[in-house]
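The block underneath contains the structure these notes are about, expressed in structure tokens.
Note on naming: letters A, B, ... go to the chains in the order of the sequence lines (proteins, then strands), and numbering restarts at 1 for each one.
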Protein chains: 2
Amino acid sequence: MLELAVLGLLHESPLHGYELRQRLKATLGSFRAFSYGSLYPSLRRMKDAGWIAEDEGDAEVVAGAPPLTGKRGKVVYKLTAEGKERFTELLAEAGPSSWEDEQFGVHFAFFSKTEPEVRVRILEGRRARLEQRREGVRSSLARTRERLDSYTLQLQEHGLESVDREVRWLSELIETERRNVPPR
Amino acid sequence: MLELAVLGLLHESPLHGYELRQRLKATLGSFRAFSYGSLYPSLRRMKDAGWIAEDEGDAEVVAGAPPLTGKRGKVVYKLTAEGKERFTELLAEAGPSSWEDEQFGVHFAFFSKTEPEVRVRILEGRRARLEQRREGVRSSLARTRERLDSYTLQLQEHGLESVDREVRWLSELIETERRNVPPR
DNA sequence: CCGGGCTTATATCGCCGCGATACATCGCGA
DNA sequence: TCGCGATGTATCGCGGCGATATAAGCCCGG
């Protein structure tokens, strides 16, 4: 999850942790945050896996203005060849995981680097997922409507409207995609 | 988090794990799920803490139709006195945690059992939180708009609209609350 | 009558993300 | 010069999630 996001950002340019998090916020917006408590462990995992590497070159010894102090330089990460491979691999996969709440937003953020047909499949998968969830809630709501107090009811209905909105949004996106890339 | 939800549901009637989860889905709707992987550990923790207790009485020996088999009866949980205390305590607290994304929905679901003034404070806190987040995203968006590709942009804007919607919803709720309970 | 598949039911495991926290450096204005 | 806010790296424990295991009760068709 974070993995995909990090690969995507580093795909554009090498970055250090802090900057990476700024970009994460700027790219995913109100959608998702990702704290350092996720980021650094993730970076370590990815480094161990060999997808990314530390890029010396920014923290180099500049004839050390303050050389005595430990001088912990910025740790700049960049994609390795395997990392690039992994990234395209992740971009290509359009399985159920790609359209779950958390995954979807990240996938979507890198749609410009994703194959058009994959884009459509993900959008449709996402929409189907939401519609199915919505029907579940709707029917359960119909069954228990009178037993619920007004607050619970309002919560449910606000939720349903949100889902409706997202479904409509997805439908527009799908149509746009189809116009640009006619089926077959 | 789950703790509050469980206390709230058991406050109405004793339930066993499975049923508890059904109610959770019915009550929180599209808002939040809570898997068994969260529920059972949480029940254990709450039992250890003394908020809930196993209620024998459903799985009692009915002159055992199938008595030889291990016959694992349903484990029915009910609130203890401390549990009720804990519940009202949690309902009363309107701190920053109450209006974070995850907490808010659960708190809201039990608003009918919450003091009117606490309700308003939580709703306002939530709204303020969202507005602050929105401004952060907005300004960051204004700064980097031209650098983003169209997909990222659409994601951001969809996100912003969602936040707007929720802010409007909250404002309506606050006004309704105020009408029913005029300030002071 | 029995076997297969669905729902009900309880439970655990490892992973991952989160918030809190701890440091340490740097530039800036009071 | 002092302190504060931004930059920067890092860890810890906790809580939730999805996958998975297990098993009993169920009804329907063969």
Side-chain angles (χ1 to χ4, degrees), chain A residues 1-6 15-25 28 31-49 52 54-55 58-59 62 64-77 95-103 105-106 129 136, chain B residues 1-6 15-25 28 31-49 52 54 58-59 62 64-77 95-103 105-106 129 136 140:
Chain A
M1 244 253 70
L2 225 188
E3 183 184 320
L4 175 56
V6 169
L15 293 169
H16 57 97
Y18 189 83
E19 178 76 10
L20 208 35
R21 209 225 166 187
Q22 307 299 97
R23 299 290 184 96
L24 240 22
K25 280 197 286 187
L28 305 187
F31 186 74
R32 210 124 199 291
F34 290 120
S35 68
Y36 293 116
S38 319
L39 184 56
Y40 286 110
S42 179
L43 285 172
R44 165 174 288 278
R45 285 194 299 270
M46 293 172 70
K47 199 181 127 191
D48 289 349
I52 62 176
E54 287 180 25
D55 182 10
D58 197 19
V62 210
L68 297 176
T69 73
K71 181 56 180 168
R72 175 158 68 167
K74 296 184 194 177
V75 185
V76 178
Y77 296 96
S97 60
S98 343
W99 43 68
E100 285 308 313
D101 301 296
E102 344 71 41
Q103 288 271 43
V106 180
R129 186 78 185 73
Chain B
M1 243 255 68
L2 225 187
E3 183 184 322
L4 176 56
V6 169
L15 293 169
H16 57 98
Y18 189 82
E19 178 76 10
L20 209 35
R21 210 225 166 187
Q22 308 300 97
R23 299 291 184 95
L24 239 22
K25 278 196 285 187
L28 304 186
F31 186 73
R32 209 120 200 291
F34 290 120
S35 69
Y36 292 116
S38 319
L39 183 56
Y40 285 110
S42 178
L43 285 172
R44 166 175 287 279
R45 285 194 300 268
M46 292 172 70
K47 200 181 127 191
D48 290 349
I52 62 176
E54 287 179 26
D58 196 19
V62 210
L68 296 176
T69 73
K71 183 55 179 166
R72 174 161 66 167
K74 296 184 196 178
V75 185
V76 178
Y77 295 96
S97 59
S98 344
W99 44 70
E100 283 308 311
D101 301 296
E102 344 72 42
Q103 289 271 43
V106 180
R129 187 80 184 75
S140 140

Nearest 0.5 Å, what's the [atom1]-[atom2] distance between [X] and [Y]?
X: A/His16; Y: A/Leu43; atom1: NE2; atom2: CG; value: 12.0 Å
X: A/Lys25; Y: A/Leu28; atom1: NZ; atom2: CG; value: 11.5 Å
X: B/Glu100; Y: B/Arg129; atom1: CD; atom2: CZ; value: 4.0 Å
X: B/Arg44; Y: B/Ile52; atom1: CZ; atom2: CD1; value: 11.0 Å
X: B/Leu2; Y: B/Tyr40; atom1: CG; atom2: OH; value: 12.0 Å

For [X] and [N], give me the distance from atom [atom1] to atom [atom2], rounded to whole Å.
X: A/Arg129; N: D/dG18; atom1: CZ; atom2: C1'; value: 12 Å
X: B/Tyr18; N: C/dT7; atom1: OH; atom2: P; value: 8 Å
X: B/Lys74; N: D/dG25; atom1: NZ; atom2: C1'; value: 10 Å
X: B/Tyr40; N: D/dG18; atom1: OH; atom2: P; value: 16 Å
X: B/Glu100; N: C/dC18; atom1: CD; atom2: P; value: 12 Å
X: A/Leu20; N: D/dA10; atom1: CG; atom2: C1'; value: 15 Å
X: B/Lys47; N: C/dT10; atom1: NZ; atom2: P; value: 12 Å
X: A/Leu39; N: D/dA10; atom1: CG; atom2: P; value: 10 Å

#### Entry: For B/Glu3, side chain to side chain contact (heavy atoms under 4.5 Å, CB included) partners two or more places apart
B/Leu7, B/Met46, B/Trp51, B/Arg86, B/Leu90

### Task
Over all heavy atoms of both residues, which pair between B/Asp101 and B/Phe31 is shortest? Give the atoms and the distance, please.
O-CZ, 3.4 Å

### Query
Hey, is B/Arg32 close enough to B/Glu102 for a salt bridge, meaning N to O under 4.0 Å?
no

### Query
Is the charged tip of A/Arg21 near the ring of A/Tyr36: under 6.0 Å from the six-membered ring centre and within 45° of its axis?
yes

Check nucleotides 14-17 of chain D for protein N or O atoms closer than 3.5 Å to its own N or O atoms and list the pairs.
| residue | atom | partner | partner atom | Å |
| --- | --- | --- | --- | --- |
| D/dG16 | OP1 | B/Leu2 | N | 3.3 |
| D/dG16 | OP2 | B/Arg45 | NH2 | 3.4 |
| D/dC17 | OP2 | B/Ser35 | N | 3.2 |
| D/dC17 | OP2 | B/Ser38 | OG | 2.7 |
| D/dC17 | N4 | B/Gly37 | O | 3.1 |

### Task
For the side chain of A/His16, starting at C-beta, report the closest nucleotide among D/dT9, C/dT10, C/dT12.
D/dT9

### Task
Take the C1' atoms of the five end pairs on each side of the helix from C/dC1-D/dG30 to C/dA30-D/dT1, derive the two axes, and give their angle rounded to 10 degrees.
20°

